[in-house]
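Keep in mind that what you see is a predicted model, and the values were worked out from it rather than measured. Numbered from 1 within each chain, the chains take letters A, B, ... in sequence-line order.
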Amino acid sequence: MVNEDALFWSRILTETTLSFHIIYATIGVGVPLMIMIAQWIGIKKNDEHYILLARRWTRGFVITVAVGVVTGTAIGLQLSLLWPNFMELAGNVIALPLFMETFAFFFEAIFLGIYLYTWDKFEDQRKHLLLLIPVAIGAAFSAVFITMVNAFMNAPQGFDIVNGELINVNPIIAMFNPAMPTKVAHVVVTAFMTAAFLLASIAAFRLLKGSNHVYHKKALFLTMKLGLIFSIATAVIGDFSGKYLAEYQPEKLAAAEWHFESEENAPLILYGVLDNGEVKYAIKVPFALSVLAHNDPTAEVIGLDQFPEDEIPPLYIHYLFDIMVTIGMWMVLLSFVYWIGMKRGWPIVHSRWFRWLIVLGGPLSIIAIEAGWWLAEVGRQPWVLRGLMRTADAATSSNHVDLMLMLFAGLYIILGIGTIVVLSRMFRRNPVEKELDDLENEKGGVRT
Amino acid sequence: MNLEIVGITVLWTFLFGYVIVASIDFGAGFFNAYSVFTNKQHILTKIIQRYLSPVWEVTNVFLVFFFVGIIGFFPKTAFYYGTTLLVPASIAIILLAIRGSYYAFETYGTKGHKGYSFMYGLSGLFIPASLSIVLTISEGGFVSLVNGHPVLDYWALFTSPLTWSIVVLSLTSVLYISAVFLTWYANKANDSAATNLMRKYALIWALPTIVTAGGIIFELSMHNKEHFERIMSFWWLFGLSFLLFIGTIWLIWKRRNYGLAFGLLAGQFALAFYGYGVSHYPYLLYPHLTIYDSFTNQAMAISLIVAFIAGLGLLIPSLYLLLRLFLFNKDYVKGKTKNHP
Ligand code: HDD
Ligand code: HEM
Ligand code: HEM
C-alpha cells in the first residue's frame, strides 16, 4: 500500500533539503583547501596579503559551515523519517560509510574549533597551518563517504537476496561499488572547482565596485588559476562518469542523451527540445556519443528501446545534462582565457565586462552542481535502489509530510537570507583596506 | 557479551555524551537570556560565550553520531521510529537548525539584539522537550500497527502524565547540569560574581530535578509495569546515583571543590542513565521491537565496531587537544588570549 500524498510530499521535501544542503556542503568541502593554499603561499612568500586572504575566507567559511551542519543534520534525520523502508534496507548493507562519515564530521569539527581560536597563538605560522589539514581532510571525506552511499543507490552490490532474506552481506564490497570511483572523484573535484570560482567571483566583484587594491588582484589571479585546474579535472572525470553510465546504467545515459534506439556510430545530441517524441532544433555531433560512452566512434550505444516503459527515467534530464556540461566547458574556456591573458598582458582580461563574466562564474558553478545532482538523482528514477527497490515503495506512510515541507521551506528561506545578510554585513563593515591599515599600525606600534 | 549489547552500549554512551554536553549548551543559553532579562547580563555573558564558542559544532556531532549509529546497528528502528517520529523529530531539527545557525551568525558575524537572546534561550528549552518525547514513545502504548504500518496516537501521547513528567525532567536536568558546570567554569575563571550566581541557580534547580526523576519512576509503575519492575530490580544503581546527588549538593553548598562536584553530577546522571537503559533492555520500543529482532547482520555489526574503534583512536586524542586548549587552559578560560579568527 502506497500513500500517494506522502510519497509526493516526501519527494519534494527530500529534493528541497538536499538541493539546499548541497550548496553549503560544496562550499564546506572546497573552501578549506583554498584557505590552506592561500595561507601556505602567504607563509612561503612572506606576503601579508595571502595570509589576510586566508583569514578573511575563514571568517566567511565559519558562517557557511554552520548552515551546512544544521541542514546536514536535517537531511540525515529526514532520510530515516521520510524513507524508512529504504533506510531499513540501506542500514543493513551500506551503513558503514554513513557511520564513518560521522567520524569525519567529528574530526573536522574539533580541528575547526581549534583552528579558529589559535590564529595568533603560534610564533611559527606553519604550525597553525597544520591544524587546517585535518579540517580539509575531514570535509573531503564527508563528501567521499556520503557519495559512496549515493553510489551504492545507483549500483547496489555486496549482498544477495534469497526468498526475501538478505544474506551474504559484505559492507566493503557494497562501499566499493562500480559507481563509486567516478562519482566520488567528480563530486570532490567539482566542489574544489566551485569553491575556487565562488571566491574568484567575490574578488572580481570587489574590483568592479571600485576597490583597486592589489590584494583583490592577487586573490583573483590565484582563484582563477585554481579554477582552471579543477575545471579541467572536472571535465575529464565527467567524461569517465559518462563511460561508467554507458556500462552500468545505460538507461540514464540514453535518457540524458535522448538516444532512443540502440545504434552504432551514435551522434551526441546537444540542446534542442522534444516535441511529441521528436527532437527539434538540436545540434548533432556525429560519433560523439559513441566516443563519450566507449572511447570509440563506431561503438554501439544502448538506447531506450531496450528498457520496459516503466523503467525509463524522465526525459527532461537532457536539459540538466546540457546545463551542466555547457557550464563546465564555459568555465574552462573563461579561466583559460583569463590565465593566458594575464600571461600575455591582454587588456580584455582587465575590462569591466570580462570581470562581470568572472562574477557570474561562481553562481553558474553552483547551478552546474544542482543540475548535476538532479540529473544523477532523477536519472535513477523510478528506482531508489536501482533494480531493487522503487522510490514509491520506500516512502513513509505518515500523513503530515506536507506540513513538514512548509516548515522546512520556511527554515531554508530564513537560513538563506540570514547567510547573505550576515556575510555581506561582515565584510562591508570591515573592508580589506581598513584591516591592512590596522595591521600596519599594530606593527608600527610599541612591541613587547 | 554479544554484538547486540556491544552495539547498544556504544550508542547509549554517545547519547549520554550528548545529554551532558547539550544540556550545558541549552542551559547556558537559557541562563544567558534570563540574565539579559533581569539586567545581570554583565555577570554571565562573557563566561558563557567563552565556553560555547569553540565547542558548539562538536555538540551537534554527538547527536548525529547517535541517530546514524542506530540505523547502522538496528536498521529496523528506521521503520518504527522513522515513521512515527516525523513530526516531533522535524520540530526538533528545525529548532536545532535555527539555534545553531543563529548562534554562529551572532558570534562570528554581527551582533544581534535582545530578542535574539530570548529566542536562543527559549529554543534551548524546547529542543530537549521535543527530543525527550522519543523516550516516552519507547515506553510503548502510543504506537500501534495499522495495516502493517506503525501509527502514533498523538492524543494519547499528549494527555499522558508520563509524557509531561519526562518533559519536565528534561527541562530541570538541563538547567541543573548546566548550572553546576558553569559554577565550576566561572570559578576557574576566578569570576566570583558569576560563580555565586551560578551556584545559586544550581542549588535552586537541584530539588526539582530529583523530585521529577522520582516522579517518573512512579508514573512508570502505572504506565509500564514490566519496565517498572525491572527498574526496581536495579534499585541499587538508582540508590547510588542518589548518593552522588547528595554529594554534589553538599560540595556546592559548602563552596568547595566545584570540579569534583561536577564529576559527581556526571556520575549521578551516568548511573541513572545506564540504570534506565539496562532496565529498558531488551526493548527498543515496547512491545514491538527488541535489540535482537532489529539487529543488523553479523558482517555489518563487526565492520561497524571495527570502524568505531578506529574512529575512537582518532577522536580521543583530538578531543583531548580541544579540552586542553580551551576548557582546561587557564589563560583561555580567564579570557586572556585573543579569541577571534
Ligand atoms: C561544477 C559542477 C559540475 C560541472 C561543471 C560538471 N559536472 Fe558533471 N556532475 C556534477 C557537477 C558538475 C555533480 C553535482 O557533482 C554530479 C551529480 C552527481 C554526481 O555524481 O556528480 C554530476 C554528475 C555527472 C554525471 C552523472 C553521473 C551519475 O549519474 O552517475 C555525468 C555523466 C557527468 N556529471 C558528466 C559531466 C561532464 C561530461 C562534464 C563536462 C564538463 C560535467 N559533468 C561537468
Ligand atoms: C546533495 C546532493 C543531492 C541532491 C541535490 C539530490 C537530489 C535529489 C532529487 C532531485 C531526487 C528526486 C528524484 C525524483 O523523485 O524525481 C532525489 C532522490 C533521492 N535521493 Fe538524492 N540528491 C542528492 C544526494 C543524495 C545522497 C548523497 C543520498 C543518499 C545518501 C540521496 C538520497 C536520495 C533518496 C533516498 C532519494 C529518493 C527519494 C526521491 O525520489 O525523492 N541523495 N535526490
Ligand atoms: C554528496 C552530497 C553531500 C556532500 C558533499 C556533503 C558534505 C557535507 C559537509 C562538507 C558537511 C559539513 C558542513 C560544512 O563543512 O559545511 C556536511 C554536513 C552534514 N551532512 Fe552533508 N553532504 C552531502 C549530502 C548529505 C546527505 C545526503 C546527508 C544525509 C545522510 C548528509 C548528512 C550530513 C550531516 C548529518 C551533516 C552535519 C554534520 C555535523 O553535525 O557536523 N549530507 N555535509
**Prompt:** Taking the six-membered ring for Trp, is the centroid-to-centroid distance between Phe107(A) and Phe111(A) below 6.0 Å?
**Reply:** yes
**Asked** Measuring heavy-atom distances to chain B, does Val401(A) have an atom under 4.5 Å in its side chain, in its backbone, in both, or in neither?
**Response** both
**Request:** Measure Tyr80(B) against the heavy atoms of chain A and call it side chain, backbone, both or neither at under 4.5 Å.
**Result:** neither
**Request:** Check whether Met87(A) gets within reach of chain B through its side chain, its backbone, both or neither, counting any heavy atom under 4.5 Å.
**Result:** both
**Complete:** Looking only at Ala92(B), Ala301(B), Gly100(B), Ser303(B), most heavy-atom pairs under 4.5 Å shared with chain A are made by Ser303(B)
**Prompt:** What part of Phe14(B) gets closer than 4.5 Å to chain A, counting heavy atoms only: side chain, backbone, both or neither?
**Reply:** side chain
**Request:** Pick one of side chain, backbone, both or neither for Leu319(B), based on which atoms fall under 4.5 Å of a heavy atom in chain A.
**Result:** both
**Request:** Could you look at Leu112(A) and say if it's the side chain, the backbone, both or neither that has a heavy atom under 4.5 Å from chain B?
**Result:** side chain
**Message:** Ring centres under 6.0 Å, that's the criterion: do Phe106(A) and Phe62(B) meet it?
**Reply:** yes
**Request:** Could you tell me which non-hydrogen atom of Ala174(A) sits nearest to which non-hydrogen atom of Phe152(A), and how far apart they are?
**Result:** O-CD1, 3.8 Å
**Message:** Does the plane of the ring in Phe73(B) sit parallel, tilted or perpendicular to the ring in Phe99(A)? Use 30° and 60° as the thresholds.
**Reply:** perpendicular
**Message:** Using every non-hydrogen atom in the two residues, find where Met389(A) and Asn85(A) come nearest and quote the distance to one decimal.
**Reply:** CE-O, 3.6 Å
**Message:** Given heavy-atom pairs under 4.5 angstrom as the criterion, report whether the side chain, backbone, both or neither of Leu411(A) touches chain B.
**Reply:** side chain
**Item:** Verdict with supporting geometry, Phe74(B) and Thr296(B), side chain to side chain contact (heavy atoms under 4.5 Å, CB included)
**Value:** CA-CA 6 Å; Phe74(B) 305 99; Thr296(B) 187; over 6 Å; no
**Audit row: Thr14(A), Gln78(A), side chain to side chain contact (heavy atoms under 4.5 Å, CB included) steps and yes/no** = CA-CA 8 Å; Thr14(A) 309; Gln78(A) 266 177 13; 5.6 Å; no
**Request:** Could you grab the distance from atom OH of Tyr292(B) to atom CG of Asn2(B), nearest 0.5 Å is fine?
**Result:** 4.0 Å
**Message:** Tell me which of these, Val151(B), Ile91(B), Ile93(B), has more heavy-atom pairs under 4.5 Å with chain A than the rest.
**Reply:** Ile93(B)
**Asked** Which region of Leu403(A), side chain (C-beta onward) or backbone (N, CA, C, O), has a non-hydrogen atom less than 4.5 Å from a non-hydrogen atom of chain B, or is it both or neither?
**Response** neither
**Top contributor to chain B contacts, counting heavy-atom pairs under 4.5 Å, from Val67(A), Asn92(A), Asn168(A), Leu407(A)** = Asn92(A)
